[in-house]
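Here the structure comes first, spelled out in structure tokens, and everything after it is commentary.
As the structure lists them, so they are numbered: ligands from 1, and atoms in each ligand from 1.
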Amino acid sequence: MRRCAVARVRLPQPISSSTAGTRVPGHRYYSAHAQQQKKTHPIASDAYFSAPTTPKPLIRPDPYKLVAPELQQLRETLLDLLGSSHPSLTEIAKYYFLHPSKQLRPLLVLLFSQATNGLGGGWHLKKWAAECEGAGGRAEELDRPLTRPDVLNDWNPSMPDHTASFQSSFSLRPPRPPHQAPTPPPFPPPGIPTVASPLALLPTQVRLAQIVEMIHVASLLHDDVIDRSPLRRGAASAPAAFGNKLSVLAGDFLLGRTSAALSRLGESEVVELIASVIANLVEGEILQLKSVHAEELGIAGLSPSVGQDNWNIYLQKTYLKTASLMAKGARAAVVLGGCKEGEVWKEVAYAYGRNLGIAFQLVDDLLDYEAGEATLGKPGGADLQLGLATGPALFAWEEHPEMGPLIKRKFEQPGDVELARDLVRRSSGVERTRELARAHADKAREVLSVLPDSEAKGALEALTERVVKRTS
Ligand code: FPP
Ligand code: MG
């Protein structure tokens, strides 16, 4: 097996002994907290970032059950974000949200929010903003229509009193009176920061959970055009039901709505993180296309042997198209909870999401060999049909050199797909892919040891197990 990098938590800036536990911006509460953590969590020392952990007997709640009402609510209210002046666009934009999905990305956002809210140096301000009228964090503020009638003047039949008519030329409007923001409290309350109890979620974090799901669905709308998928989640895919053009446009429309919702969160670091995810998704897709269409694109294709290069490209693509959204989505949730620069909590979120995301996609890739339409909601073997060599095929290549020519000609000749499936079956490719997924999932669980114990942390631990064992 080729070695691949498993993301580790990066060390925060070292805290000098003279400043530990004192009022140093961005450090004070973490350093005080870290000292306490060292007593209760031996792993939370300066060496904790790479040391293997002994799993503790923890209560591990079912991740989905822990936030089931929130997931249900965010699914219902998400549809309100998708209205457009064109009913057919609204219909297709909502289409994938009407079929049950795993909601894994929103789940990660919610659980990481709960597991870290209260710990960051800026938590008291975020909490205050969420509770304080007009401070930008309230659910009401977030729920105002995404197209501001006084600025954009979109024509929108669902807002007839507010939106401008196009019957006449547009006249000058008086500007809105400036918004008087209330003054935030100057200092955090005294004491060592702990995870908010009962577990807390901010409205901005719930909205972020919706945003990551919208981006995911936008990418699926485009992906199903590229992959020519007939099915998605057991029903006709959007391109099969509405055609390619509308599917692409609906994906773009979702990204437009997402951008407006993102800016409403009022946190430029989060805007940057999520914008970079969209770029990553496209980069991942391009990398995947390049691996299949290298010749047409006039670029270097697959390396001649199943070496480090091919594994690197495969894992890089896996990060870009799947893990980036999970890693940066989780990190963004922690930033929204008031984690400041230099605090470790957002590094934990990123490392967890990155490892979990790669594990998730590796399992997705092996299920393509193991499962079929009944469990996946789409036919098995789709990757080979698309000319893609994923983990199981790359491992099988190590054991059966005859896999090489099949991969290089993208399983194009009659019988290639069947032969490749057979070679994978006669190799340990599927098991080794699951082992690789487990290594990433274990690393995801390990980095959680930095966090104080909570039900949300236990649920995140349970999720690492669930991702590796899933069968659909
Ligand atoms: C599903 O993978 C697809 C993705 C995870 C990402 C697709 C990204 C793009 C098409 C780039 C455009 C992105 C945006 C945001 C517009 P899969 O094909 O392996 O899984 P599947 O079997 O579920 O289709
Ligand atoms: Mg696809």
Side-chain angles (χ1 to χ4, degrees), residues 92-93 96 99-105 108 211-240 244-259 261-262 273-293 313-329 353-354 356-373 375-393 433 437 470 472:
I92 174 166
Y96 279 158
H99 301 280
S101 75
K102 292 187 190 74
Q103 291 190 293
L104 178 60
R105 292 145 190 91
L108 270 183
I211 288 171
V212 295
E213 188 68 352
M214 281 159 70
I215 293 175
H216 173 56
V217 167
S219 80
L220 293 182
L221 284 163
H222 286 203
D223 181 67
D224 283 344
V225 172
I226 296 172
D227 287 356
R228 298 195 184 94
S229 316
L231 293 171
R232 164 86 47 201
R233 296 174 187 163
S237 71
N244 285 348
K245 288 180 187 170
L246 270 178
S247 300
V248 170
L249 291 171
D252 296 343
F253 175 75
L254 282 183
L255 292 182
R257 285 283 191 255
T258 301
S259 308
L262 198 52
L273 274 169
I274 301 300
S276 76
V277 170
I278 298 175
N280 289 164
L281 284 163
V282 176
E283 288 164 337
E285 195 64 26
I286 295 279
L287 207 54
Q288 182 163 302
L289 279 175
K290 271 164 74 170
S291 68
V292 179
H293 300 287
I313 291 171
Y314 169 60
L315 290 169
Q316 189 189 357
K317 176 199 82 178
T318 302
Y319 167 72
L320 291 169
K321 76 172 224 187
T322 305
S324 166
L325 181 53
M326 297 187 194
K328 293 179 183 172
R354 178 179 163 129
L356 190 92
I358 292 178
F360 178 86
Q361 186 60 48
L362 287 168
V363 173
D364 221 58
D365 292 346
L366 73 86
L367 287 177
D368 199 55
Y369 286 86
E370 278 197 331
E373 199 169 318
T375 42
L376 295 179
K378 59 179 185 180
D383 289 338
L384 286 174
Q385 301 283 357
L386 290 168
L388 290 173
T390 60
T433 306
R470 75 192 176 97
S472 65

So does Asp224 have any N/O/S atom less than 2.8 Å away from the Mg ion (ligand 2)? no
Run the side-chain contact (heavy atoms from CB on, under 4.5 Å) test against Ala240 and tell me which residues pass, sequence neighbours left out. Ala236, Ser237
Using a strict cut-off of 4.0 Å, indicate which atoms of ligand 1 neighbour a heavy atom of [X].
X      : value
Asp227 : 18 (O)
Arg232 : 21 (P), 23 (O), 24 (O)
Glu285 : 7 (C), 8 (C), 9 (C), 10 (C), 11 (C)
Leu255 : 16 (C)

Any N or O of Lys321 that comes nearer than 3.5 Å to an N or O of ligand 1? yes
Test of proximity, Asp223 against ligand 1: N or O pairs below 3.5 Å: yes
Qualifying residue for side chain to side chain contact (heavy atoms under 4.5 Å, CB included) with Val225, from Leu246, Leu220, Asn244: Asn244
What distance separates Lys321 NZ from Glu283 CD, expressed to the nearest 0.5 Å? 14.5 Å
If you measure from the Lys or Arg side-chain nitrogens to the Asp or Glu carboxylate oxygens, is any gap between Asp227 and Arg232 under 4.0 Å? no
Whether His216 lies under 4.0 Å from ligand 1, heavy atom: no
Atom name, Asp223 (N, O or S, nearest to the Mg ion (ligand 2)): OD2
The Mg ion (ligand 2) - name of the N/O/S atom of Asp227 that sits closest to it: OD2
Taking Asp368 for the side chain and Ala382 for the main chain, is one N or O donor matched with an acceptor at less than 3.5 Å? yes
Is a donor on one side and an acceptor on the other found under 3.5 Å between the side chain of Ser276 and the backbone of Leu273? yes
Sequence neighbours excluded and cut-off under 3.5 Å, please list the side-chain donor-acceptor pairs for residues 383-392, or say none.
none

